[in-house]
Amino acid sequence: MSSEQQYIELYEQAAGMIKSHAPEALNAVRDEAFENFKRQGFPSKKVERYKYTDIQKLFEPDYGLNLNRLQIPVDPYQAFRCDVPNLSTSLYFVVNDSFYNDDKPKGHLPEGVIIGSLRDNPELVTKYYSKLAKTSEDAITALNTMLAQDGMLVYVPKHVKVDRAIQVINILKATPQNAQRVVSDLMVNRRVLIILEEGAELKMLFCDHAADDRNFLATQVIEAYVGDNASLNLYCLEETHAKNVRVSNVYIDQQRDSRVNHNVITLHNGTTRNKLDLTFSGEGAECQCYGCVIADKKQHVDNNTLITHKVPHCTSNELYKYVLDDKATGAFAGRVLVEHGAQKTSSQMTNQNLTATKEARMYTQPMLEIYADDVKCAHGSTVGQLNDAALFYMRQRGISLQEAKLLLQNAFINEVIDKMQLEPLRDRLHHLVEKRFRGELNKCAGCKLCK
């Protein structure tokens, strides 16, 4: 059976059950998503945007799904404990693919701000859901849309500034309540909808963790609408484990004079594939897109970006850095599309990479596609190893080889971290990155998620 055929048969047999546990706004686009998935199938490595990750192989195993919405016996407030500095955020949880809405303390929100389940806000969800994430153009988005039964809504009304950062802990948990056996493999389909009206401001951090030592496959689709003169800082941090497969698609639409900072940080994982599609729909908008990856053993991290300049006077800047050790594989493919009439565009794309061993592999493909003549665009990429002269200099001054490598790797990655605007997160990441290079990231005292 082909990898997509099992999902086609699953939907044909269980569509009624899926719809019965989902809100109408999600069900309204479900059948169309299924037809689009059937038509496309999973992309092969011959498809340009998926050439560095074997998607068909990732989806071959027969993962279980919690279609009946069995309650997961986890108190995330007890499960999430770590010895890193306090971020002083308003804390929320998503358990697998469901917004955790039990009677627990929540941070104070300004009037009109909504953070909750997709099922509780039908008018907003119907208006915005699945409008950016077009199922006709991407099979993973189509699969997620046809199977997603819940998700998270974040709404900030006009001219409202959310001063305190919103932190969302995505917890993967494989054991249903009162189950006779532990589910060994679990697939979850997570959905997030972010809406910022004119002049709104929001800082948001997503942290991915796995609470069980099980095989997980997580698909994620984030849609973010950023209105005129609005500001969104979006951070995505992954600290899972080697048995986790994460396939995430992020869609962002920016209106006039809006500002977006998008940051993706992969510190511990199994196989990760992140896709970012960002579109400038209003003049004068700007985005800063940063990424840092630390991978070793046989970990695989693939970041694929497409920034589309549809209108004039917009600015985009991308900086992605990788440090790869052992037999890890990294990939970065970035494309900037400047459409006809998008004059006065300014764009810079940079990808820099360190490979610590001969077995580590890095694939890099920065691309510019320009159909306007009054633009300022540049791109560049490098793949190299640690500077032997710098290592020798530090060894001569009594620094061990291991410590010298650590210092150089830290300095290399810190250029990305220092650009992040959320100061408490910067401090935390400096701490986590050093622990990661020392092999201590999964040994936080008292932490039940990072084992």
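Starting from 1, each residue takes its place in the sequence as its number. Keep in mind it's a predicted model, so treat the numbers as computed, not measured.
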Student: Any salt bridge linking Lys158 with Glu201? Criterion: basic side-chain nitrogen under 4.0 Å from a carboxylate oxygen.
Tutor: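 Salt bridge: no.
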Student: Counting C-beta onward and ignoring hydrogens, is there a side-chain heavy-atom pair between Tyr290 and Asn317 closer than 4.5 Å?
Tutor: yes
Student: For side-chain hydrogen bond (donor to acceptor under 3.5 Å, both in side chains), just list the numbers for Glu48 and Gln365, CA-CA rounded to whole Å, side-chain angles, deciding distance to a tenth of an Å, and then say yes or no.
Tutor: CA-CA 11 Å; Glu48 182 66 25; Gln365 188 182 20; 3.1 Å; yes
Student: When you compare the side chain of Val154 with that of Ile166, does any pair of heavy atoms fall below 4.5 Å?
Tutor: no
Student: Hey, what do you get for CD1 (Ile195) to CD1 (Ile114), rounding to the nearest 0.5 Å?
Tutor: 8.5 Å
Student: So does Arg335 get a backbone contact from the side chain of Glu369, meaning a donor-acceptor N/O pair under 3.5 Å?
Tutor: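 Pair absent, no side-chain N/O of Glu369 close to backbone of Arg335.
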Student: Distance alone, cut at 3.5 Å: any donor-acceptor contact between the side chains of His209 and Thr240?
Tutor: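 Their side chains do not contain a donor-acceptor pair, so the 3.5 Å distance test is not met.
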Student: Salt bridge check, Asp418 against Arg426: does any charged N sit closer than 4.0 Å to a carboxylate O?
Tutor: no
Student: Can Glu223 and Arg191 be counted as an ion pair, charged N to O under 4.0 angstrom?
Tutor: yes
Student: May I have the step-by-step check of side-chain hydrogen bond (donor to acceptor under 3.5 Å, both in side chains) for Thr53 and His300, ending in yes or no?
Tutor: CA-CA 8 Å; Thr53 300; His300 177 96; 2.9 Å; yes
Student: Just how far is it from atom OG1 of Thr350 to atom NE2 of His379, taken to the nearest 0.5 Å?
Tutor: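 Rounded to the nearest 0.5 Å, the OG1-NE2 separation comes to 10.5 Å.
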Student: Applying side-chain contact (heavy atoms from CB on, under 4.5 Å) to Thr141 and Glu137, what does each step give before you reach the verdict?
Tutor: CA-CA 8 Å; Thr141 296; Glu137 298 178 2; over 6 Å; no
Student: Ring-plane angle category for Tyr100 and Phe93, please: parallel below 30°, perpendicular beyond 60°, tilted otherwise.
Tutor: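 Geometry flag for Phe93 against Tyr100: perpendicular rings.
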Student: Do the side chains of Leu124 and Tyr129 get nearer than 4.5 Å, heavy atoms only?
Tutor: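 The answer is no, as the side chains (C-beta and beyond) never meet within the 4.5 Å cut-off.
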Student: Under the criterion side-chain hydrogen bond (donor to acceptor under 3.5 Å, both in side chains), which of Asn303, Thr266, Asn353, Thr329 is the partner of Tyr322?
Tutor: Asn303
Student: For the residue pair Gln220 / Ser248, report whether a side-chain donor-acceptor contact shorter than 3.5 Å exists.
Tutor: yes
Student: Evaluate Met187 against Phe216 for side-chain contact (heavy atoms from CB on, under 4.5 Å), listing each step before the verdict.
Tutor: CA-CA 6 Å; Met187 176 184 183; Phe216 291 104; over 6 Å; no
Student: Do NZ/NE/NH1/NH2 and the carboxylate oxygens of Lys275 and Asp302 come within less than 4.0 Å?
Tutor: no
Student: Considering only heavy atoms from C-beta outward, does the side chain of Tyr320 approach that of Thr305 to under 4.5 Å?
Tutor: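 The answer is yes, as the side chains (C-beta and beyond) meet within the 4.5 Å cut-off.
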Student: Are Lys134 and Asp277 close enough for a salt bridge, meaning some N to O gap below 4.0 Å?
Tutor: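 No.
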Student: Check Asp212 against Ala174 and note the closest heavy-atom contact, atom names and distance.
Tutor: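 Smallest heavy-atom distance, with atoms named: OD2-N, 2.7 Å.
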Student: Between Asn249 and Asp138, do the side chains contain an N or O donor and an N or O acceptor separated by less than 3.5 Å?
Tutor: yes
Student: Do Phe412 and Lys321 have side chains that get closer than 4.5 Å, going by heavy atoms?
Tutor: yes
Student: Any donor-acceptor pair under 3.5 Å linking the side-chain atoms of Gln56 with those of Ser44?
Tutor: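 Looking only at side-chain atoms, Gln56 and Ser44 do not form any donor-acceptor pair under 3.5 Å.
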Student: Could you tell me whether Asp185 and Arg214 have a side-chain N and a carboxylate O separated by less than 4.0 Å?
Tutor: no
Student: Taking all heavy atoms of Tyr371 and all of His340, pick out the closest pair and write down the distance.
Tutor: O-ND1, 3.3 Å
Student: When you compare the side chains of Gln40 and Glu35, does any donor N or O come within less than 3.5 Å of an acceptor on the partner?
Tutor: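 No donor-acceptor contact under 3.5 Å links the two side chains.
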Student: By the definition salt bridge (charged side-chain N to carboxylate O under 4.0 Å, His left out), identify the one residue from Asp97, Asp150, Asp208 that meets it with Arg190.
Tutor: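 Testing each of Asp97, Asp150, Asp208 against Arg190, the sole residue satisfying salt bridge (charged side-chain N to carboxylate O under 4.0 Å, His left out) is Asp208.
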Student: What is the distance from atom CG of Leu143 to atom CG of Asn36, rounded to the nearest 0.5 Å?
Tutor: 12.0 Å
Student: Can the ring centres of Phe42 and Phe37 be said to be less than 6.0 Å apart?
Tutor: yes
Student: Quick test of your reading of the model: are Arg256 and Asp228 salt-bridged, counting only N-O distances below 4.0 Å?
Tutor: yes
Student: Can Asn351 and Ser381 be counted as having a side-chain donor-acceptor contact under 3.5 angstrom?
Tutor: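 Their side chains do not contain a donor-acceptor pair, so the 3.5 Å distance test is not met.
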Student: Side chains of His430 and Ile417, heavy atoms from C-beta outward: is any pair under 4.5 Å?
Tutor: yes
Student: Do Asp253 and Phe280 come close enough that some side-chain heavy atom pair is under 4.5 Å?
Tutor: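 No. Closest side-chain heavy atoms not under 4.5 Å.
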Student: Is any side-chain heavy atom of Tyr63 less than 4.5 Å from a side-chain heavy atom of Gln6?
Tutor: no
Student: Are more than 12 heavy atoms, taken from residues, nucleotides or ligands other than Lys57, located less than 6.0 Å from that residue's NZ atom?
Tutor: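 Incorrect, the count does not exceed 12.
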Student: To the nearest 0.5 Å, how far apart are CG in Leu324 and OG1 in Thr357?
Tutor: 8.0 Å
Student: Nearest 0.5 Å please: distance from the OG atom of Ser281 over to the NZ atom of Lys310.
Tutor: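 Atom-to-atom, Ser281:OG and Lys310:NZ are 5.0 Å apart.
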Student: Taking all atoms of both residues into account, what is the closest heavy-atom pair of Met349 and Val336, and its distance?
Tutor: CE-CG2, 3.4 Å
